[in-house]
Amino acid sequence: MSERDLQDVLRQLKSSTSYPDATKLLSTAKLTLLKLKALTPQPNTPAQILLLAREVFETGALTSIRAKDTESFTRYVHQLTPFYELPAERLPGTKSERSKVTGLYLLLLLTQGNYAGFHTELEGLEIRLGNNGELGDDKYLLYPIQLERWLMEGSYDLVWQSTTEEKVPCEEYGIFSEILTITIRNEIASCSETAYPSLPISSTKNLLFLESEGAVIQFAQSRGWLIRDGRIYFPNQNLKSGAEAGNEKELSQLAIENTLGYARELETIV
Amino acid sequence: MPSKTPHTNGNEPAENGINGTKDVEMKDDAPASLKGGRGKKSKEGEEEMTVVVPPSKSSKLSAPPRKDNDGDVAMDGPVEADGEDDGAVKIDPVAKAVSDIKSNFPLLDRAVALFDARFSLRALRSISSIRKRLAPDILAQVITETYPSTSPAAKSLLVALDRENATFSKPASTSEMEIDSESKASKTGKKDLKEIIPEVDIFLGILIQIYYLDNKINQKGAVFSAHLAERIHTLNRRTLDSLSARVYFYYSLFCEQMQPLPPSPSSPVVYLRPTLLSALRTAVLRKDVDTQSTIIVLLLRNYLSTSHITQADLLVTHTKFPDNASNNQVARYLYYLGRIRAIQLRYTESHQQLTAATRKAPSSPSAAGFSQSATKLKLVIELLMGDIPERATFRVASIERALEPYLQLVQAVRVGQLEEFESTLAQHGETFRRDGTYTLILRLRQNVIKTGIRMMSLSYSRISLRDICIRLKLSSEESAEYIVAKAIRDGVIEASLDRERGFMKSKEVGDVYATREPGEAFHERIRACLGLHDESVKAMRFPMNQHRLELKNAQEAREREREMAKEIQDGDLDEDDLGGEFEGM
């Protein structure tokens with residue numbers, strides 16, 4: 001009985017547009033799965049139900065990411081993991097949104113600044129796909145991987161291009177563009193603070209990917225930069241060198257502590 | 001039973017046994033392709049050994065101590081003639097092999113009697129010398145000569161060897177024997193079996209495991225190991241601890257080599273996990289350090305082979321690796337830990353662990369596989385940390401060839417040539433992938449760029465962004481600007497940018513000795529030395545009850561001293577008296 005129920009729910013899910021409706025449908029679907037004992041794959045679960053279960057979770061993941069509910073998205077990803085680990089003869093990989101979901105998850109980790117998690121996930125992918133195909137062939141997976149590389153290198157213009165132009169592989173990925181833009185803008189700002197002695201406002205506009213000079217001024221004020229004669233000065237720069245001088249005292253204290261430590265250790269040895 | 005001669009024989013391997021243990025364990029991972037050079041009595045069997053195990057290895061993905069296979073392949077050719085070698089070995093020392101195996105039984109006996117695990121370890125070490133001579137007939141002979149024919153343990157061992165019909169040379173009718181077999185039947189509780197202790201059963205079981213492993217009878221080996229593990233569990237004897245560690249070790253090796261091979265999620269290793277985990281729990285409860293450390297290492301290896309890094313990390317955080325585990329296990333543990341940390345971008349930690357692992361790794365050539373892969377990983381981590389590994393690392397004879405791709409990589413990173421880096425990556429991608437360092441090396445791209453920028457900043461006091469862009473083969477001037485800005489922010493270079501005129505201006509490089517850097521490096525080294533001292537003090541071992549002996553000696557010495565003092569006193573008095581008289585005179 002419940003297998004058909006599940007299919008019904010899935011059909012409704014596909015057509016529903018509002019998030020609250022979808023969540024309600026999803027929780028019924030999950031309840032049904034629970035009754036079928038297929039919330040996590042059991043050794044004796046039939047392939048048909050496994051397929052349905054995976055579809056439910058994938059829909060859930062995509063729905064929650066569309067509604068920007070990252071927590072629930074992460075939960076769905078974790079629930080999907082055991083399904084993805086099943087061998088192909090039990091659950092064929094066709095018709096799966098696997099790479100899309102994984103790619104989104106990678107992107108989420110990236111925007112959260114969780115690089116350790118990102119690479120952990122990536123390592124798994126590398127081994128999984130290493131034998132039968134190049135990782136870069138998949139546009140859903142390639143996108144976050146490239147973004148990460150550019151972010152680490154500092155090629156922020158490339159990151160910017162990939163978020164603004166029509167280079168986003170699908171609509172779900174677009175959700176992250178906004179976050180990414182903010183991230184890179186802050187990164188650039190902190191780089192500029194140390195790299196430039198001063199900047200003219202007009203070119204800062206391009207540098208920070210802002211629309212107008214007004215926005216530049218606003219942004220500069222939010223970061224506490226000084227604006228004089230059409231140029232931006234970075235007060236933090238001087239602060240930093242001052243801080244280093246203040247360290248002098250700390251430094252000598254450290255040296256004393258170390259020396260005392262050595263003396264004590266020497267004593268124990270001799 | 002064992003005569004005097006084989007006994008001394010048995011001791012000898014124990015001497016170089018330090019290599020020995022490693023030998024056995026490491027070799028399973030990385031059957032050495034070393035040309036001879038093994039520091040032991042090498043017979044014809046030697047070569048044969050190396051051939052028997054290796055080929056399947058290259059397909060394992062994250063198997064750690066893997067040999068560079070080029071060497072292996074080259075070796076395989078000339079020594080193909082397997083059977084021939086076998087024959088040669090058999091003619092030569094059947095009797096000797098049998099007596100060698102048997103010579104270990106008194107060691108095990110002693111281990112039980114004195115409750116000292118060191119004797120069982122010594123028995124285990126001698127395996128490496130027996131290993132190449134193992135054959136079902138020899139084992140069957142040992143069993144039939146050791147056990148009475150009624151013993152169920154002997155039966156099951158013989159069945160495992162396909163030698164059920166072997167005739168027992170010991171007459172089972174002797175009354176003594178009957179007592180023996182009876183007590184065997186109800187052995188669980190009894191501790192003082194006179195003749196055959198369960199340790200011997202398990203020891204023979206391990207030999208059978210090794211025989212299976214060397215001949216790639218994996219399926220059967222796994223089943224047999226499962227039974228063996230089960231038996232150890234029910235026996236529950238502390239003297240079995242070090243043996244049981246070994247049993248689990250081979251058990252897991254069997255699973256690794258069974259189809260489908262590890263990276264696939266349906267590999268038998270996945271199904272082994274619950275067994276290992278429960279064994280780990282038991283070992284922890286019983287404070288069984290050997291099994292505990294072995295199983296933790298096995299589990300880590302298991303998880304990493306299917307790249308379940310999160311699980312491996314959780315295992316590390318939830319278990320405590322025993323402090324007094326054997327050196328080999330510590331080395332392996334550190335290696336795996338270093339690997340996990342590297343993936344998590346915790347390079348400093350990873351580097352520390354890998355350095356420790358390479359240092360703790362046995363220096364014997366038979367463990368070269370381990371030190372190779374540890375060194376490879378360490379090199380990549382060093383590069384990722386922005387250091388350039390020392391040239392000397394690449395000159396060590398045993399690893400020189402295997403490290404060649406890495407040498408090219410280092411050279412590319414050192415000069416900051418992105419192009420060269422990419423071509424190295426393309427050329428040796430397969431090798432890196434096999435070594436499990438590929439993803440880590442991909443991360444190096446940014447380091448190459450940074451080094452390139454640093455070189456330019458050092459050589460030019462002022463350089464236009466356009467030139468930087470051309471030198472580094474970047475896509476656009478804007479990219480170059482951002483990249484340089486980031487490098488300045490990250491402290492890679494001391495410079496400033498001029499946006500209007502589009503150039504990078506380097507600042508004067510200050511005197512390094514004016515900074516705290518040398519002090520820190522110095523401190524680091526002193527700490528390492530002090531740590532070494534502490535460790536070596538802790539590692540010293542004192543024989544049991546020695547202090548009592550010393551006390552006795554001291555007492556005797558004191559008595560002697562007292563006597564002497566008395567004599568001297570007497571003498572002194574005499575002298576004094578004499579002296580006095582002399583003076584008086």
Side-chain angles (χ1 to χ4, degrees), chain A residues 81-82 84-90 115-128 130-131 135 145 148-160 184 187-188 190-200 203-204 206-207 237 247 251 254-255 258 261-262 265-266 268-269, chain B residues 61-62 260 262-266 270 304-310 313 340 342-346 433 436 438-440 442-443 445-446 449-450 474-476 478-491 495-500 504 516 519-520 522-523 526-527 529-530 533-534 537:
Chain A
T81 318
Y84 288 152
E85 303 233 316
L86 288 174
E89 61 267 20
R90 281 206 63 201
Y115 291 105
F118 180 87
H119 282 288
T120 312
E121 193 71 17
L122 198 62
E123 188 80 11
L125 283 178
E126 181 73 24
I127 287 185
R128 233 176 283 149
N131 302 334
L135 199 56
I145 291 170
E148 192 265 353
R149 197 172 297 164
W150 289 332
L151 276 177
M152 291 316 263
E153 266 172 33
S155 313
Y156 297 119
D157 57 325
L158 294 175
V159 180
W160 171 254
I184 55 171
E187 279 285 305
I188 295 170
S190 80
C191 288
S192 322
E193 274 172 18
T194 39
Y196 300 97
S198 72
L199 273 175
S203 68
T204 318
N206 298 335
L207 192 73
Q237 233 168 14
N247 266 349
L251 235 164
L254 197 73
N258 284 346
Y262 304 149
E265 292 278 352
L266 266 181
T268 58
I269 293 171
Chain B
L61 250 171
S62 74
S264 125
S266 53
V270 179
L304 286 179
S305 71
T306 51
S307 74
H308 283 108
I309 289 117
T310 329
D313 184 39
I340 296 170
I343 290 165
Q344 293 172 331
L345 296 130
R346 287 151 77 173
R433 232 181 261 267
Y438 189 73
T439 38
L440 293 175
L442 279 185
R443 293 184 205 167
R445 211 183 114 87
Q446 36 163 320
I449 294 176
K450 272 183 195 162
L474 297 170
S475 52
S476 66
E478 283 88 61
S479 292
E481 187 169 356
Y482 287 122
I483 290 171
V484 172
K486 189 169 191 292
I488 295 171
R489 201 257 326 247
D490 295 346
S496 63
L497 281 168
D498 192 318
R499 184 157 171 87
E500 283 115 327
M504 174 180 90
R516 55 203 292 185
E520 268 164 18
F522 192 48
H523 179 59
I526 291 176
R527 237 195 12 220
C529 288
L530 291 174
H533 173 262
D534 287 351
V537 168

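First the proteins, then the strands, lettered A, B, ... as listed; each starts at 1. Worth saying up front: this structure is predicted, and the values here are computed from it rather than measured.
Using cut-offs of 30° and 60° for the angle between ring planes, the His523(B) and Tyr262(A) rings count as tilted.
Contacts of Leu207(A) with chain B are made by both backbone and side-chain atoms, with heavy-atom separations under 4.5 Å. If you measure heavy-atom distances from Ile343(B) to chain A, the contacts under 4.5 Å come from both the backbone and the side chain. Looking at Leu151(A), the atoms closer than 4.5 Å to chain B (heavy atoms on both sides) all sit in the backbone: N, CA, C or O. For a residue to count as touching a neighbouring chain, one of its non-hydrogen atoms must lie under 4.5 Å from one of that chain's; by this rule Leu497(B) touches chain A with backbone and side chain alike. Of the two parts of Glu187(A), the backbone and the side chain both hold a non-hydrogen atom closer than 4.5 Å to a non-hydrogen atom of chain B. Neither the backbone nor the side chain of Asp313(B) has a heavy atom closer than 4.5 Å to any heavy atom of chain A. Neither the backbone nor the side chain of Arg527(B) comes within less than 4.5 Å of any heavy atom in chain A. Looking at Ile483(B), the atoms closer than 4.5 Å to chain A (heavy atoms on both sides) sit in the backbone and in the side chain alike.
In this structure, NE2 in His308(B) is found 8.5 Å from OG1 in Thr81(A), a value given to the nearest 0.5 Å. One finds the CD atom of Glu478(B) at 8.5 Å from the CG atom of Asn206(A) (value rounded to the nearest 0.5 Å). How far CD of Glu121(A) is from OG1 of Thr310(B): 7.0 Å, rounded to the nearest 0.5 Å.
A heavy-atom distance below 4.5 Å is found between the side chains of Asp534(B) and Glu265(A).
At least one donor-acceptor pair closer than 3.5 Å links the side chain of Lys486(B) to the backbone N or O of Met152(A).
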Take Leu530(B) and Ile269(A) through the side-chain contact (heavy atoms from CB on, under 4.5 Å) test and state the conclusion after the steps.
CA-CA 9 Å; Leu530(B) 291 174; Ile269(A) 293 171; 4.0 Å; yes
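Listed options Ile309(B), Ile526(B), Ile449(B), Ile340(B) were ranked by heavy-atom pairs under 4.5 angstrom with chain A; first place goes to Ile526(B). Counting heavy-atom pairs closer than 4.5 Å to chain A, the top-ranked of the candidates Lys450(B), Arg443(B), Glu481(B), Gln344(B) is Arg443(B). Put simply, of Cys191(A), Ala116(A), Gly261(A), Ser155(A), the one with the most heavy-atom pairs under 4.5 Å next to chain B is Cys191(A).
Ile188(A) and Tyr482(B) make their closest contact through CD1-CE2, 3.7 Å (heavy atoms, listed as atom of the first residue, atom of the second, distance).
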